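All remarks here apply to the structure that follows.
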Protein chains: 2
Amino acid sequence: MVKRTSDLGAPADPSPDDDPGSDDGPLHDRVYRALRDALVTGRIVPGRAVTLRGLAQSLGVSPMPVREAIRRVSAEGGLVVGANRRVWVPDMDAARFDELVRARILLEPEAAVRALPHIDAARLDRLRAIDEAIDRALAEGDVEAYMAGNHRFHFEIYAAGPSRVLLPLIESLWLQFGPFMRSVYGRVGTAILVDHHVHAVEAIAARDADRLAEAIRADILDGMEVIDDTVLRRPTGSETSSSPESDPCLHVPG
Amino acid sequence: MVKRTSDLGAPADPSPDDDPGSDDGPLHDRVYRALRDALVTGRIVPGRAVTLRGLAQSLGVSPMPVREAIRRVSAEGGLVVGANRRVWVPDMDAARFDELVRARILLEPEAAVRALPHIDAARLDRLRAIDEAIDRALAEGDVEAYMAGNHRFHFEIYAAGPSRVLLPLIESLWLQFGPFMRSVYGRVGTAILVDHHVHAVEAIAARDADRLAEAIRADILDGMEVIDDTVLRRPTGSETSSSPESDPCLHVPG
DNA sequence: TCGGCAAAATTGTGATCACATTGACATCGG
DNA sequence: CCGATGTCAATGTGATCACAATTTTGCCGA
């Protein structure tokens, strides 16, 4: 039997690692954060359906707040509703990947430059600490820690400014990247990744907007080109036929 | 007594003009489209609260699908939930306006260029027809017709391609612009607007990507600069004090 | 052994109800 | 006449129930 629904890990766990975060705010908000976190860190794999009652039981809440959280996440592109009205983690293909990278390159340098004047010394120190944590995760090959650190690094920059428009757009892009990146790193490992964040840190310390934009752009392009050449534009589909279950998220057109 | 909740026009109208569109699909989807349309065409004014039961009664449905529609629209930035958990049409200020314009300039030329190869003769004809309708609306001073036509023109271009990433982002931006633009046009009129769409049509006919991108950029910048100088960066707040109710959407900082 | 076919379980959707909290309103005291 | 305070309506939130559509499962016959 093949499970076609995703249960976010341990369903009946008394202390689940899908912790809805802090216990403040409405329940649907906590469910939203939990779902979003599971998506960004890649704990939910593409190709699996996300069911209302399943997710509700997995988080120990009623289906009602899950409904609103799913609607919210799907509005941000993290989930898609099929024609059957069932909710899926969207598959990645070369066209969507290209569009996502292009959107990131257009928006993130702009957001970084706009946030630059608001980055104080404390935040710069935090950025350096995150960068070191990323290096450790990279050295140890810890995929999840790397992804979490990378996310924190970028948004520690973008969220410095009072942005209320660019930031949600960029979060939507990361939300769409998360599940795909996780399975990619799970396959190719983190050894191929280089740390470009130090350039961004130097540019911020020097208050150099142009260099910061270029560092962000290079960071995005570098990581993405590796994925692009390694996974997405593979010439043959031989590996898919040899191990069909190990690659549930790639949908190479043609 | 001042009404603080928006009722989307006629509440008990047997044939409301807030038609949820085509009658297919789930109810919450129809409510979503109705709400989104009301926002984009500016039928809901900033500063008014959108209540669940009010909107439900206004559309003749139960509060349940309205809940999901509101959650969806708020995820796209068309509505904001206050600390009181009440839902408002967000106010516009100079900073948010600037960010919205910048995001439009970054994303829309890219989307247009990507869609260009997929624009066939039929779509080009449709674009010309929409452009003529816009000219008529402009000549007659019909604000709502102009806004609807302008929206249709841009998205007739962007939606030509198979975009599934850029398009939702751009729709989110328009959703945030809608209510503000409406009240702006209601004040300054449509006489100040110039039609830049003909340049885009020419560029499409010539298959010139650079000229198309430049036409889109000019169209955005021109319309926005007018607003910027006319309404947003007004030197004094004298008009606000003279007629406080006629200007419920502007929040000039400082 | 394999391909339809019907039964059963599961899913999303919508409605209704109960409850805590917020906001507005009227009343009362100064 | 004005401000404080208590009351009451209204709002968002969450849960539960019913229903239709879809999916899965089990079974029978070829």
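Throughout, a chain's letter reflects where its sequence line sits, starting with A, and its residues are numbered from 1. Just so it is clear, the structure is predicted and the values come from calculations on it, not from any experiment.
- Nucleotide dT11(C) holds its C1' atom 13 Å from the NE2 atom of H28(B), rounded to whole Å.
- Side chain R67(A) to base dG14(C): a donor-acceptor pair is found below 3.5 Å.
- Within the model, atoms CZ of R86(B) and OG1 of T51(B) stand 7.5 Å from one another, a figure rounded to the nearest 0.5 Å.
- Atom CZ of R164(A) has 12 or fewer neighbouring heavy atoms from other residues, nucleotides or ligands inside a 6.0 Å radius.
- For the pair E68(B) CD and dT13(C) C1', the interatomic distance rounds to 7 Å; values are reported in whole Å.
- The distance from atom CG of L79(A) to atom P of dG12(C) is 11 Å, rounded to the nearest whole Å.
- L55(A) has its CG atom 10 Å from the P atom of dG12(C), to the nearest Å.
- Nucleotide dT11(C) holds its P atom 14 Å from the CZ atom of R48(A), rounded to whole Å.
- Residue R71(A) places at least one side-chain N or O under 4.0 Å from the OP1 or OP2 atom of dT13(C).
- The phosphate of dT21(C) (OP1 or OP2) has no side-chain N or O of N84(B) nearer than 4.0 angstrom.
- Between Y158(A) and H154(A), the two ring planes are tilted [angle within 30° to 60°].
- On a pure distance criterion of 3.5 Å, no polar donor-acceptor pair joins the side chain of R86(B) and the base of dG23(C).
- Atom-to-atom, CG of L27(A) to C1' of dA20(C) comes out at 14 Å; the value is rounded to the nearest Å.
- Remark: R33(B) engages D29(B) in a salt bridge, criterion side-chain N to carboxylate O under 4.0 Å.
- Classification of the F97(A)-F177(A) ring pair by plane angle, with boundaries at 30° and 60°, yields perpendicular.
- Atom-to-atom, CD of Q57(B) to C1' of dG14(C) comes out at 18 Å; the value is rounded to the nearest Å.
- The P26(B) side chain lies nearest to dG14(C) when the options are dG12(C), dA15(C), dG14(C).
- With rounding to whole Å, M64(B) atom CE is found 13 Å from dA18(D) atom C1'.
- Closest to the side chain of R53(A), from the set dG12(D), dA18(D), dT16(D), is dA18(D).
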